Amino acid sequence: MPKQRRRETGDSAVLDSFSWLAGPLRTFADRTATALTPQLSRNAAGGGRIDDMFLLLAAHPDGAALQALSADGSPHPDRPEPRVIRAADLPDVVRRLEATPAAHRPRWVWHRTQDWYPHLLTAGVELERSHDLTLCGTILAFSDLTAGSDYARTARRPVPDDGMAEPPRALLPPPPPADQGALFDSPAPARAASPSLRDLRAEFAAQQEVVASISSDDGVRQRLQLLLAAESAGGMIAAEMQHTGVPWREEIHEQILAGYLGPRPGSHQRPARLEALAVELRSILQSPTLNPDSPQELIRALHRNGIEVQSTRQWELQELTHPVIAPLLEYKKLSRLHTANGWAWLDAWVAGGRFRPEYVVGGVVSGRWASRGGGALQIPRQIRGAVHADPGFKLIVADASQLEPRVLVALARDTRMAEAARDKDLYAGIASQGFGGDRAKAKVALLGAIYGATTGESGRLMPQLSRTYPRAVDYVEQAARAGEAGGTVTTRLGRSSPPPSESWYKSQRSGSAEEQRRAESLARSRGRFTRNFVVQGSAADWAACWLAELRRRLRRMRVQGQPAAELVFFLHDEVMVHAPDHLVPDCVQAIEEAAAAARELLFGRIPVEFPVSVAIVESYDKAK
């Protein structure tokens, strides 16, 4: 009986054992109590101080190990020994620690957010802040700000998501029936051993040390700290959005598919509309056995009919005039819908009225997000009507208008272009200053400068752009020259482009005229990459801060027991909030305030606006 009694009070005993944290949590409270990202002085170049109470969470054979750390990564002197917590007790322990006043909540340190946070969310536990060692380690390993440091020389340079080698959920085989025996079960794949608490503590200490070694002149160190915190916040936001899911009406999706493709077909059969188009293509091309899904068969059939093409890509087919082109383009469009977002996709990715994509924070080297399966970042317009708010809710879709051009203005500190950006339409402002009011030409010229399109129409317009905005053009030109020379460039907050590969360096050692031409071509290609990287990457910095600031504001709105507004979707410069009707005005204000806060965190108080366009709709297709 005593043993049973001890088990009944086990959870309470575990929680009480963490009462020692109350003092240190107050002592090491974050100077900006409720901020998710480190709040520097309102001038981003200032010397804001960031204090935190860090709690390291690591895997343990008996559940989890939890250890309080000082800011330098050493064990906290008030309680240097780690505590082991049963897996079943962990959510309650974390919930109690997160229930402390905002100023006293810890910053959780872990190997990867996806190792712990999804399970906590399932248990109903949300966290205020974290430090993702993998995401932060990737930034620090490549950043020019840490170049030459021991950390950069010895870093393992992890990829943001080690699980990328695993197939996305849509490609996994369906689970076996519940009554299937174990005779033919496949052995579970071996999982890599989780890093030990000691290893994680050493990694955190190394990260803290290398950041502390960076000069604080001009706010460089503070901006990098901001990037690390925003990236870690992004990891939590990605997990929260996957847990919450995008509101998705399955019956509407079915109706859309039926309208385009016909009734749901049997397994391994084409939908009726696709089959009818296939019959028409076979007839026109006089190829009775043609499989239009095979590019090789299709090209041969086209050649037999005198249609000379190198590929079956849409842009090439659109240049041709032949009776087969219209039905072929229609077939390709509908086939893409059927393959990417048809009934199989619906079965695999939508359940319980929610689409739960798997986001990869920092999955692109510039800092943009990616996704693992499900096509989260490519929801086609054809099916956006299925993204539908719940009764009593609205979708608030907001996107940052002309984000990358405005980021260039801020990076280059081009005062004349800043004047053009004062109106909501930057391209119209540029057109009025240097292109005779021709907005189309202004847009082509500016985007050509950012993306390196220096031939054709954009090349012809570049001299005018350079004369009108010399600072902005010079900024991207310098980035391009650095790339062409094999150098790297760095975003506003401190994310650097990866160095060239060894094969690139070898290509630059030419010995013949042909090799020299190839070397120059590869150098120009890298220059286009670095030219765009510094702008796109800085825009990703801004978007990360926008997300984190918006999350913080939405959390403030919550009232216990009442429906909450939630972030449910993010795409580069666009966010979607699913909000109760009565919270819509507050959410719009939060979105706009978060955008302004992100601008100030990155650039300080500058005369460049970062406006957001907001649409309040019931379904996503009505947003644009």
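Bear in mind that the values here come from a model prediction, so they are computed numbers and not experimental data.
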Test item: [X] side-chain N/O and [Y] main-chain N/O as donor-acceptor pair under 3.5 Å:
{"X": "R107", "Y": "M53", "answer": "no"}
{"X": "T491", "Y": "R495", "answer": "yes"}
{"X": "Q207", "Y": "L133", "answer": "yes"}
{"X": "R223", "Y": "D218", "answer": "yes"}
{"X": "T530", "Y": "A479", "answer": "yes"}
{"X": "S497", "Y": "V489", "answer": "yes"}
{"X": "S538", "Y": "R492", "answer": "yes"}
{"X": "Q208", "Y": "A71", "answer": "yes"}
{"X": "S143", "Y": "I139", "answer": "no"}
{"X": "Q464", "Y": "F435", "answer": "no"}

Self-check item: Salt-bridge present (R422, E609; N to O < 4.0 Å)
Solution: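 The answer is no: the pair does not qualify as a salt bridge.
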Quiz prompt | E128 with R552: basic N within carboxylate O range, under 4.0 Å | solution =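 The answer is no: the pair does not qualify as a salt bridge.
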Self-check item: Set of salt bridge (charged side-chain N to carboxylate O under 4.0 Å, His left out) partners for D150, sequence neighbours left out
Solution: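 Partners of D150 by the salt bridge (charged side-chain N to carboxylate O under 4.0 Å, His left out) criterion, ordered by chain and then number, come out as R153.
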Quiz item: Listed by chain and number, what are the salt bridge (charged side-chain N to carboxylate O under 4.0 Å, His left out) partners of E502, not counting sequence neighbours?
Solution: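 Salt bridge (charged side-chain N to carboxylate O under 4.0 Å, His left out) list for E502, sorted by chain: empty.
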Quiz item: To the nearest 0.5 Å, what is the distance between CG (D132) and CG (L228)?
Solution: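 Reported value, rounded in 0.5 Å steps: 10.5 Å.
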Quiz item: Run the side-chain hydrogen bond (donor to acceptor under 3.5 Å, both in side chains) check on W110 and T113 step by step: do they pass?
Solution: CA-CA 7 Å; W110 44 37; T113 300; 3.1 Å; yes
Testing the basics here: between [X] and [Y], what is the closest heavy-atom pair and its distance to 0.1 Å?
{"X": "C545", "Y": "L601", "value": "CB-CD1, 4.5 Å"}
{"X": "L200", "Y": "H111", "value": "CD2-CB, 3.8 Å"}
{"X": "A539", "Y": "E404", "value": "CB-CG, 3.9 Å"}
{"X": "K441", "Y": "L461", "value": "O-CD1, 3.4 Å"}
{"X": "Q508", "Y": "L522", "value": "NE2-CB, 4.0 Å"}
{"X": "T468", "Y": "Q433", "value": "CG2-O, 4.4 Å"}

Within [range] or reaching into it, pairs that qualify as salt bridge (Lys or Arg N to Asp or Glu O under 4.0 Å) - sequence neighbours excluded:
{"range": "residues 566-575", "result": "E574-K624"}
{"range": "residues 522-542", "result": "E477-R531"}
{"range": "residues 454-467", "result": "E457-R460"}

Applying ring pair (Phe, Tyr, Trp, His ring centres under 6.0 Å), name anything that partners [X], two or more places apart in sequence or on another chain.
{"X": "W108", "value": "none"}
{"X": "F529", "value": "F533"}
{"X": "Y620", "value": "none"}
{"X": "F569", "value": "none"}

Exercise. May I have the step-by-step check of salt bridge (charged side-chain N to carboxylate O under 4.0 Å, His left out) for R471 and D474, ending in yes or no?
Key: CA-CA 5 Å; R471 290 181 66 94; D474 183 62; over 6 Å; no
Exercise. Answer with yes or no whether the side chains of D72 and S70 bring together a donor and an acceptor at under 3.5 Å.
Key: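 No - no donor-acceptor pair under 3.5 Å links their side chains.
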Quiz prompt | Steps toward side-chain contact (heavy atoms from CB on, under 4.5 Å) verdict (L446, Y469) | solution = CA-CA 10 Å; L446 184 55; Y469 308 109; over 6 Å; no
Less than 4.5 Å apart, any side-chain heavy atom of [X] and any of [Y]?
{"X": "S507", "Y": "R518", "value": "yes"}
{"X": "L145", "Y": "V220", "value": "yes"}
{"X": "T488", "Y": "F142", "value": "no"}
{"X": "V534", "Y": "T490", "value": "no"}
{"X": "L69", "Y": "F204", "value": "yes"}
{"X": "I591", "Y": "V577", "value": "yes"}
{"X": "P75", "Y": "Q67", "value": "yes"}

Practice problem: List for me each residue that meets side-chain contact (heavy atoms from CB on, under 4.5 Å) alongside S149, sequence neighbours excluded, and say none if there are none. | Solution: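 For S149, the residues satisfying side-chain contact (heavy atoms from CB on, under 4.5 Å) (neighbours in sequence not counted) are T146, Y151, A152, V210.
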Quiz item: With sequence neighbours excluded, what pairs up with S501 under the side-chain contact (heavy atoms from CB on, under 4.5 Å) test?
Solution: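 Partners of S501 by the side-chain contact (heavy atoms from CB on, under 4.5 Å) criterion, ordered by chain and then number, come out as S503, W504.
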Self-check item: Summary of side chain to side chain donor-acceptor pair (under 3.5 Å) pairs that have at least one residue in residues 406-420, sequence neighbours excluded
Solution: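 Of all non-adjacent pairs touching residues 406-420, those that pass side chain to side chain donor-acceptor pair (under 3.5 Å) are Q402-R406.
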Quiz item: Taking the six-membered ring where the residue is Trp, are the ring centres of F54 and H131 under 6.0 Å apart?
Solution: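 When the ring centroids of F54 and H131 are compared, they turn out to be at least 6.0 Å apart.
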Exercise. Verify side-chain hydrogen bond (donor to acceptor under 3.5 Å, both in side chains) between Q516 and S510, making sure each step is shown before the conclusion.
Key: CA-CA 5 Å; Q516 180 62 27; S510 57; 2.5 Å; yes
Practice problem: Please check if atom CD in E209 has more than 12 non-hydrogen atoms from other residues, nucleotides or ligands closer than 6.0 Å. | Solution: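 Incorrect, the count does not exceed 12.
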Quiz item: Can you tell me if CZ on R481 sees more than 12 non-hydrogen neighbours from other groups inside 6.0 Å?
Solution: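 Count over threshold, so yes.
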Exercise. Test side-chain contact (heavy atoms from CB on, under 4.5 Å) on E126 and R555 and set out the steps.
Key: CA-CA 10 Å; E126 289 190 1; R555 285 168 62 88; 3.2 Å; yes
Quiz item: Aromatic rings W542 and F610: how do their planes relate, parallel, tilted or perpendicular, breaks at 30° and 60°?
Solution: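 Judged by the thresholds at 30° and 60°, the geometry between W542 and F610 is parallel.
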